[in-house]
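Here is the structure we will look at.
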Amino acid sequence: MSEALAQPKLYTEKDYYNLPENTRADLIDGQIYYHAAPSRMHQKILSFLHVRIANHINSKVGSCEVYPAPFAVKLFAEDDKTIVEPDISVICDPNKLTDRGCTGAPDWIIEIISPSTSSHDYIRKLNLYADSGVKEYWIVDPERKRIFVYFLENAKFEVETYTFQEKIKVNIYDDLWVDFKELGL
């Protein structure tokens, strides 16, 4: 007699929004992936990037908006089994913004990785973001002091690698550069 294999529970958008308050998690393909509390270094980098991006948008009086985590992003409108919480999301189409966050692909996403999330950000989220049409995706690796800049070209990501000693051109803008030397790390 053969035994049936236990099927993992598939979670939905409803389950995601019923998580306890202040719980950070991603819902990907019906599975919940919890986030550990971020380190001080993670928060320093997040604050640095958020301020630089917000200042640029405000100085240009642009239509884009920048949101730091926690901020829910439902990458595919019809998919109730995938919602992510990027560290930083830049959305230039106001029609994608909802009371709960963003529905549709942001123009630019930044993830600041920790050792416990690296494969999640380098593989799982990279593929999701490419499939959903995110134009630009940065992975900031504080441990290795590297920034991986993925830019969507002809339906696939092209990648450039930078160090914390370089000034990086933001591809979705003509006139925004981020100088990581200013972090002083």
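Owing to the predicted nature of the structure, the values given are computational and were not obtained by experimental measurement.
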Report the C-alpha distance between Thr163 and Arg144 in whole Å, list the side-chain angles of each, state the deciding distance to 0.1 Å, and finish with yes or no for side chain to side chain contact (heavy atoms under 4.5 Å, CB included). CA-CA 9 Å; Thr163 70; Arg144 295 169 53 199; over 6 Å; no
Determine, stepwise, if the pair Phe48 / Val178 fulfils side chain to side chain contact (heavy atoms under 4.5 Å, CB included). CA-CA 10 Å; Phe48 168 79; Val178 177; 3.8 Å; yes
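Judged by distance alone, the side chains of Tyr33 and Gln31 never bring a donor and an acceptor atom under 3.5 Å apart.
No side-chain heavy atom of Asp26 sits under 4.5 Å from any side-chain heavy atom of Tyr34. In this structure the side chain of Ile110 never reaches within 4.5 angstrom of the side chain of Tyr137, judged on heavy atoms. The closest side-chain heavy-atom distance from Leu46 to Pro38 is not below 4.5 Å. Looking at Glu65 and Val90, their side chains never come closer than 4.5 Å, going by heavy atoms from C-beta outward. Under the 4.5 Å side-chain criterion, counting only non-hydrogen atoms from C-beta, Ile168 is in contact with Phe180. In this structure, Leu27 and Asp15 have side chains that are not in contact, with every pair of non-hydrogen atoms separated by 4.5 Å or more. Side chains of Tyr150 and Ile139 form a contact here, defined as non-hydrogen atoms less than 4.5 Å apart.
Taken from NZ in Lys81 to CD in Glu13, the straight-line distance is 10.5 Å, to the nearest 0.5 Å. Rounding to the nearest 0.5 Å places CD1 of Ile112 at 5.5 Å from CG of Leu49. For the atom pair CG (Asp141) and CD (Glu111), the distance works out to 12.5 Å, reported to the nearest 0.5 Å. Separating the CG atom in Asn55 from the NE2 atom in His50 is a distance of 9.5 Å, to the nearest 0.5 Å. One distance of note links CZ of Phe151 with CZ of Phe157; it measures 9.5 Å at 0.5 Å rounding. Here the CG-CG distance, from Leu176 to Asn171, works out to 10.5 Å after rounding to the nearest 0.5 Å.
In plain terms, the two heavy atoms of Ile91 and Tyr67 that are nearest each other are CD1-CD1, 4.0 Å. In plain terms, the two heavy atoms of Ala25 and Ile32 that are nearest each other are CB-CG2, 3.9 Å. Shown here for Val73 and Pro86, the closest heavy-atom pair between the two residues is CG2-CD, 3.7 Å. The minimum heavy-atom distance linking Glu85 with Thr23 is given by the pair OE2-O, 4.3 Å. Between Cys92 and Ser63, the closest heavy-atom pair is O-OG, 3.5 Å. Taking both residues in full, the closest heavy atoms of Glu136 and Ile172 are given as OE1-N, 2.9 Å, listed atom of the first, atom of the second, then distance.
In the hydrophobic clustering of ILVMFWY residues, with side-chain heavy atoms under 4.5 Å counting as a link, Val159 and Leu152 come out together. Tyr17 and Leu19 end up in the same hydrophobic cluster when Ile, Leu, Val, Met, Phe, Trp and Tyr side chains are linked at under 4.5 Å.
Counting non-hydrogen atoms of other residues, nucleotides and ligands closer than 6.0 Å to NZ of Lys145 gives a total of 12 or fewer. Atom CD of Glu160 has 12 or fewer neighbouring heavy atoms from other residues, nucleotides or ligands inside a 6.0 Å radius. Atom CG of Asp174 sits in a sparse spot, with 12 or fewer heavy atoms from other residues, nucleotides or ligands closer than 6.0 Å.
For the side chain to side chain contact (heavy atoms under 4.5 Å, CB included) criterion with Leu75, the lone passing option out of Asp131, Ile83, Val84 is Val84.
Here salt bridge (charged side-chain N to carboxylate O under 4.0 Å, His left out) pairs that include residues 89-108, with residues two or more places apart or in two chains, are Asp107-Lys135.
Using bins of under 30°, 30° to 60° and over 60° for the plane-to-plane angle, the ring pair Trp108/Tyr173 lands in the perpendicular bin.
Between the side chain of Thr82 and the backbone N or O of Asp79 there is no donor-acceptor pair closer than 3.5 Å.
Not counting sequence neighbours, the partners of Arg52 by the salt bridge (Lys or Arg N to Asp or Glu O under 4.0 Å) test are Glu182.
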